[in-house]
Number of protein chains: 2
Amino acid sequence: MDILFDKLIQKYSANQQLSKQTIAEIYTHLSILSFDKKHLLIRENQRHDYAYFIIKGAVRSYYLKDGIEVSTWFAFENDMVGSLHNFRDLPSRETFELTENTSFISINLKSLKSLIYSNVGISNFISAIIEEYAVFLEDKIFYSQLMNSLERYEALLENEPQVLQRIPLTYIASYLGISRETLSRLRSK
Amino acid sequence: MDILFDKLIQKYSANQQLSKQTIAEIYTHLSILSFDKKHLLIRENQRHDYAYFIIKGAVRSYYLKDGIEVSTWFAFENDMVGSLHNFRDLPSRETFELTENTSFISINLKSLKSLIYSNVGISNFISAIIEEYAVFLEDKIFYSQLMNSLERYEALLENEPQVLQRIPLTYIASYLGISRETLSRLRSK
DNA sequence: ATGATTTTGTGACATTTATCAAATGAAATC
DNA sequence: GATTTCATTTGATAAATGTCACAAAATCAT
């Protein structure tokens, strides 16, 4: 269990040496759990006190637009999933659904967040998670403006090959912002 | 000067009470400066140690795509401008150009960043800035997927009327991801 | 295994938007 | 104030993608 937790701690404390006490403190807000494929981890329009770090499995996030699911991302092993809105104590804008049976480290946001004013290590730990997310969002915007659909598909193939292997094309098309038919036609080139 | 600095401090320490010492510490990394319209505050592909808080004026950010400027945002009074890449000690992906004569508070990122491991107030101060930026980016993606061009234009008109008053339509079209001609036609409805 | 469900692919046509060209309008410069 | 530069609008055409309909293929559940 400590080995699993360490992977998470390491990832978001690369720039600092956390004290043994702080690590122990963070541990008390973590636990391990798993759900089956199709389980809804976080639901659109609901408050939720946890974020999750994927040990094994896959998660898709989406929101509804005119009753249609619009996929926003796919997360796998060693990725963090959670809603920034939830972190800010607001209802999530997205639903997070498991596309495989998945096991997680759950992170109690509310209780961990209450410590960021007194523990500088925890403050920087949380900050690193948010910074990583900001970089992810910035890249997403940058590449979506810079590239056309074919280039975006090819970049996904290049940078995130497991998405192509583990996620249905219907969801990928939706993520790329094109129709299933258009993606199918792009692929047959 | 303290009044100007306070506006910045207040904005990003809403959730915590900073000590007098911490505020004084932050002050030593701030100064005031101004440049004329068309000045390039931060340049694409360059490292830069400062972020800026706009006291009076307007800034446009853009990057080059096949030699064409693609506008990414417009900032005004009490907005923060800066490059997350620069904060991470990488070359900026965007250029920041003044569209009006503008005065700023400059923030020395490198020296302030060196304190986030020892001063929890400063860590949370910086974290609040990044969190605000992540929310901004998430909204940008969300609304760009949810709405069509006309709706995005109308939302901009509704939520950021000063953009329409202070920024040329050419730049706005580019920001909305459509051609000048298309924006012109949307407007004539 | 087999029937049901889900996922993927293809054709015909409609819609949106880009692109190119040119005219008009507004602002900056001398 | 005349001239140059930049910004906006309008028209014609082309390209990209969406939508609808349906078929084929793959996957799932019993």
Side-chain angles (χ1 to χ4, degrees), chain A residues 35-40 57-58 60 62 64-71 74 95 97-102 143-157 161-189, chain B residues 35-40 57-58 60 62 64-71 74 95 97-102 143-157 161-189:
Chain A
F35 297 106
D36 287 342
K37 181 169 173 170
K38 297 206 174 170
H39 174 79
L40 301 183
R60 172 177 74 107
Y62 67 88
L64 291 181
K65 176 186 179 180
D66 305 328
I68 307 288
E69 293 177 2
V70 177
S71 295
F74 316 101
T95 296
E97 182 202 59
L98 311 194
T99 60
E100 301 173 5
N101 297 344
T102 304
Y143 293 115
S144 79
Q145 287 184 329
L146 200 65
M147 301 172 173
N148 62 31
S149 327
L150 178 59
E151 290 165 340
R152 290 207 302 282
Y153 171 72
E154 285 169 344
L156 190 67
L157 202 72
Q162 60 184 335
V163 170
L164 272 292
Q165 289 148 16
R166 297 169 71 175
I167 303 286
L169 291 172
T170 307
Y171 297 151
I172 296 175
S174 165
Y175 163 72
L176 291 171
I178 58 181
S179 65
R180 292 172 289 136
E181 293 91 336
T182 299
L183 178 57
S184 176
R185 281 168 191 132
L186 291 178
R187 278 161 55 83
S188 67
K189 294 202 221 179
Chain B
F35 296 105
D36 288 343
K37 182 171 171 167
K38 296 205 175 172
H39 174 78
L40 300 184
R60 171 177 75 107
Y62 67 87
L64 291 181
K65 177 188 178 179
D66 305 328
I68 306 288
E69 293 176 2
V70 178
S71 296
F74 317 101
T95 296
E97 181 202 58
L98 311 193
T99 59
E100 301 174 6
N101 298 341
T102 305
Y143 293 116
S144 79
Q145 288 184 328
L146 200 64
M147 301 173 174
N148 63 30
S149 330
L150 178 58
E151 288 165 339
R152 290 207 300 283
Y153 171 72
E154 285 170 342
L156 189 67
L157 201 73
Q162 59 184 336
V163 170
L164 272 293
Q165 288 147 18
R166 297 168 72 174
I167 304 287
L169 291 172
T170 307
Y171 298 151
I172 295 175
S174 166
Y175 163 72
L176 292 172
I178 57 181
S179 67
R180 293 170 289 140
E181 293 93 334
T182 299
L183 178 58
S184 175
R185 283 170 187 127
L186 291 178
R187 278 161 55 83
S188 68
K189 296 202 220 175

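Just so it is clear: chains get the letters A, B, ... in the order the sequence lines come, proteins before strands, and each one is counted from 1. Here the structure is a predicted model, which means the values were calculated and not measured.
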Exercise for review: Give the intermediate values and the outcome of side-chain contact (heavy atoms from CB on, under 4.5 Å) for residues A:Glu151 and A:Tyr143.
Suggested key: CA-CA 9 Å; A:Glu151 290 165 340; A:Tyr143 293 115; over 6 Å; no

**Study point:** Intermediate values then yes/no, side-chain contact (heavy atoms from CB on, under 4.5 Å), A:Val163 and A:Leu157
**Key:** CA-CA 8 Å; A:Val163 170; A:Leu157 202 72; over 6 Å; no

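In plain terms, the two heavy atoms of A:Thr99 and A:Arg60 that are nearest each other are CG2-CB, 3.7 Å.
Rounding to the nearest 0.5 Å places CG of B:Leu176 at 6.0 Å from CZ of B:Arg152.
The interatomic distance linking A:Arg60 (CZ) with C:dT6 (P) rounds to 13 Å, in whole Å. Atom CD of A:Gln165 and atom C1' of C:dT7 are 18 Å apart (whole Å). Summarising the geometry, the separation between CD on A:Glu100 and P on D:dT27 is reported as 14 Å, rounded to the nearest angstrom. Going from atom CG of A:Asp36 over to atom P of D:dA29 covers 11 Å, rounded to whole Å.
Between the side chain of A:Ser174 and the backbone N or O of A:Ser71 there is at least one donor-acceptor pair closer than 3.5 Å. With hydrogens and angles disregarded, no donor-acceptor distance shorter than 3.5 Å links the side chain of B:Asp66 to the backbone of B:Ile68. Here the side chain of B:Asn101 pairs a donor or acceptor atom with the backbone of B:Lys37 at under 3.5 angstrom.
Five base pairs at each end of the helix from C:dA1-D:dT30 to C:dC30-D:dG1 define two local axes, and these are offset by 60° (rounded to 10°).
Screening B:Leu150, B:Leu169, B:Thr170 for a side-chain contact (heavy atoms from CB on, under 4.5 Å) with B:Leu183, the sole residue that qualifies is B:Leu169.
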Exercise for review: Report, as a single string ordered 5' to 3', how protein heavy atoms within less than 4.0 Å touch nucleotides 6-21 of chain D: B base, S sugar-phosphate only, - not at all.
Suggested key: -SBBBBB----SSBBB

